Protein chains: 2
Amino acid sequence: MATNGTRPLTPREERAWDGYRRMQGLLSSQLNRQLMADTGLSDADFAILSALLGAPRHRLRGLALRCEVQWEKSRLSHHLGRMQTRGLVVREECVEDSRGAVFQLTPEGKAAVEAATGDRVAAVRTYLLDLLTPEQLDALTEISGAVLARLAEDDAHLRAAAELARAV
Amino acid sequence: MATNGTRPLTPREERAWDGYRRMQGLLSSQLNRQLMADTGLSDADFAILSALLGAPRHRLRGLALRCEVQWEKSRLSHHLGRMQTRGLVVREECVEDSRGAVFQLTPEGKAAVEAATGDRVAAVRTYLLDLLTPEQLDALTEISGAVLARLAEDDAHLRAAAELARAV
DNA sequence: CGCAACTGGATGATGCGTCAACCAATGGCT
DNA sequence: AGCCATTGGTTGACGCATCATCCAGTTGCG
């Protein structure tokens with residue numbers, strides 16, 4: 001990580017990175033702010049709630065939820081704790097693994113997500129999707145595909161390294 | 001904000017949004033984590049420091065800095081406070097407007113950014129730029145251009161509304 | 001069986017980001 | 001000159017994200 005034969009960015013790269021950086025910051029804060037104002041739910045709340053909404057009995061194992069939203073476990077745990085005190089979610093014991101936890105949407109939680117979904121979609125359209133041509137939509141899909149693939153690969157390497165370390 | 005004749009997302013839009021969302025979250029946390037591990041600087045630190053590095057005498061008025069990084073003023077103030085106690089930056093009085101503040105890079109701050117720049121560029125290449133074709137780079141630039149233009153427009157409307165309110 | 005390693009998850013400390021309130025300096029208007 | 005609205009910036013409170021640590025239940029291996 002220390003040795004860098006890194007060439008500087010070309011103007012083209014510079015523009016792309018700079019644009020992405022600016023967009024990323026402003027867009028996510030705008031979406032977050034708007035959702036919060038419209039519905040009282042943060043982006044994070046919404047991610048959790050809609051994952052639960054999409055699950056069989058509106059209940060999901062902690063681990064499954066973690067895979068779904070890709071958060072660190074302590075973040076998830078803290079956030080679920082807060083959401084529980086707000087009455088959006090309940091924690092229950094897990095039958096097949098008694099150290100595990102299962103989280104379920106409360107009626108209030110369900111109502112909240114359902115109410116929020118429309119606003120969220122509208123905002124995403126307003127500030128992103130409706131601004132792009134079909135080609136740009138596809139380009140965005142491909143770009144994120146490439147980046148996510150790279151990140152996943154990295155992750156796999158980490159696992160492999162852990163495997164090796166265990167073998168020693 | 002409440003009435004939504006919003007149609008649901010098409011599959012194409014769905015893929016684009018979902019991809020962007022996932023990429024955004026993982027990419028920024030990866031870049032942040034890596035920069036922090038390599039250099040002890042957060043993404044936020046780096047943004048401030050490189051803005052200062054690019055300024056005339058490595059000094060910038062608070063307001064100018066705010067335009068540069070596009071943060072809320074209280075965020076900037078808090079962060080600069082912390083950076084000052086870490087010795088990366090100094091706050092000085094402003095001559096032409098005595099309620100203003102000027103911030104300057106300390107030698108340590110300068111050294112820190114300069115050391116960090118290479119790592120940052122390398123990481124951005126590894127996880128984003130090197131994964132994309134030239135066309136994708138341009139697409140990214142256009143996409144962010146469109147989004148930023150929309151956000152700016154919104155901003156202008158807000159200003160105009162404020163103007164109107166003043167006129168009443 | 002019994003012990004060690006691992007795993008799902010919780011917790012506490014700490015730094016960050018946002019909001020609202022605040023303060024003093026400034027500039028415009030009469 | 002005098003007043004009021006505005007602006008540049010700070011502060012405090014509060015919720016969120018991360019790290020390290022911890023704990024109990026589980027699994028694998030001898």
Side-chain angles (χ1 to χ4, degrees), chain A residues 25-26 28-37 40-48 60-86 88-89 91-103 159 162-163 165-168, chain B residues 25-26 28-37 40-48 60-86 88-89 91-103 159 162-163 165-168:
Chain A
L26 294 184
S28 60
S29 83
Q30 172 68 22
L31 289 177
N32 209 345
R33 190 187 319 284
Q34 187 139 335
L35 187 65
M36 184 65 97
L41 259 38
S42 74
D43 238 13
D45 296 330
F46 188 76
I48 297 287
L60 233 38
R61 187 75 190 275
L63 186 54
L65 201 43
R66 225 153 74 215
C67 293
E68 196 73 26
V69 297
Q70 311 246 55
W71 287 0
E72 312 219 342
K73 59 182 181 177
S74 80
R75 178 182 179 187
L76 186 61
S77 182
H78 278 138
H79 204 90
L80 284 169
R82 286 175 231 129
M83 290 179 73
Q84 193 172 6
T85 73
R86 289 198 283 156
L88 296 169
V89 136
R91 184 186 186 285
E92 292 162 11
E93 293 300 311
C94 180
V95 196
E96 64 265 1
D97 185 342
S98 47
R99 74 203 147 165
V102 178
F103 296 90
R159 275 181 227 280
E163 203 81 23
R166 185 192 316 167
V168 176
Chain B
L26 295 183
S28 60
S29 84
Q30 171 68 22
L31 289 177
N32 209 346
R33 189 186 320 283
Q34 187 139 334
L35 187 65
M36 184 65 96
L41 258 38
S42 74
D43 236 13
D45 297 331
F46 188 76
I48 298 286
L60 232 38
R61 188 74 190 275
L63 184 54
L65 201 41
R66 225 152 75 214
C67 294
E68 195 74 26
V69 296
Q70 310 245 55
W71 287 358
E72 311 218 342
K73 58 182 180 177
S74 78
R75 177 182 179 187
L76 186 61
S77 182
H78 279 137
H79 203 90
L80 284 169
R82 287 173 230 131
M83 290 180 74
Q84 192 171 6
T85 74
R86 289 198 282 155
L88 295 169
V89 134
R91 183 186 186 288
E92 292 162 10
E93 294 299 311
C94 181
V95 196
E96 64 264 5
D97 185 342
S98 46
R99 75 204 146 163
V102 177
F103 296 90
R159 275 182 229 281
E163 203 81 24
R166 186 192 315 168
V168 176

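Remember, it's a predicted structure, so these values are computed and weren't measured experimentally. Heavy atoms only: backbone and side chains are in, while hydrogens, waters and symmetry mates are out. In what follows, every chain begins at residue 1, and chains take the letters A, B, ... in the order their sequences are listed.
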Would you mind reading off the distance between [X] atom [atom1] and [N] atom [atom2], rounded to a whole angstrom?
X	N	atom1	atom2	value
A/Met36	C/dA20	CE	P	11 Å
A/Leu80	C/dT11	CG	C1'	14 Å
A/Met83	D/dG15	CE	C1'	14 Å
B/Ile48	C/dC16	CD1	P	12 Å
A/Leu76	D/dT18	CG	P	12 Å
A/His79	D/dC16	NE2	P	6 Å
B/Glu72	C/dA21	CD	C1'	15 Å
A/Glu96	D/dT27	CD	P	11 Å

Go through [options] for me and flag the one nearest to the [X] side chain.
X	options	result
A/Arg82	C/dG17, D/dT18, D/dA17	D/dA17
A/Ser98	C/dA10, D/dT11, D/dT26	D/dT26
B/Arg75	C/dC19, D/dT26, C/dG17	C/dG17

| note | Comparing nearest nucleotides in DNA chain C, the 5'-proximal residue of the pair A/Phe103, A/Ser29 is A/Phe103
Is there a side-chain contact between [X] and [Y] (heavy atoms, below 4.5 Å)?
X	Y	result
A/Gln34	A/Leu31	no
A/Leu80	A/Leu65	yes
A/Phe103	A/Met83	no

| remark: Between the OG atom in A/Ser77 and the CD atom in A/Glu72, the distance rounded to the nearest 0.5 Å is 12.0 Å
| task | Mind checking the CD1-CG spacing from A/Ile48 to A/Leu88? Nearest 0.5 Å is all I need. | result | 11.0 Å
| request: Answer yes or no: does a side-chain N or O of A/Arg33 lie under 4.0 Å from OP1 or OP2 of C/dC19? | output: yes
| said: Counting only side-chain nitrogens and oxygens, does B/Arg91 get under 4.0 Å of the OP1 or OP2 atom of D/dG9? | reply: no
| query | Any donor-acceptor pair under 3.5 Å between the side chain of B/His78 and the base of D/dT11? | reply | no
| said: Can you say whether a donor on the side chain of B/Arg99 sits under 3.5 Å from an acceptor on the base of C/dA25, or the other way round? | reply: yes
| query | Given that A/Asp45 and A/Asp97 both sit by DNA chain D, which one's nearest nucleotide is further toward the 5' end? | reply | A/Asp45
| said: For a quick check under 3.5 Å, do A/His78 and A/Arg75 share a side-chain donor-acceptor pair by atom type? | reply: no
| request: Output yes when a side-chain donor or acceptor of A/Asn32 lies under 3.5 Å from a complementary backbone atom of A/Ser29, and no otherwise. | output: no
| DNA chain D contacts made by residues 61-71 of chain A, counting heavy atoms under 4.0 Å | none
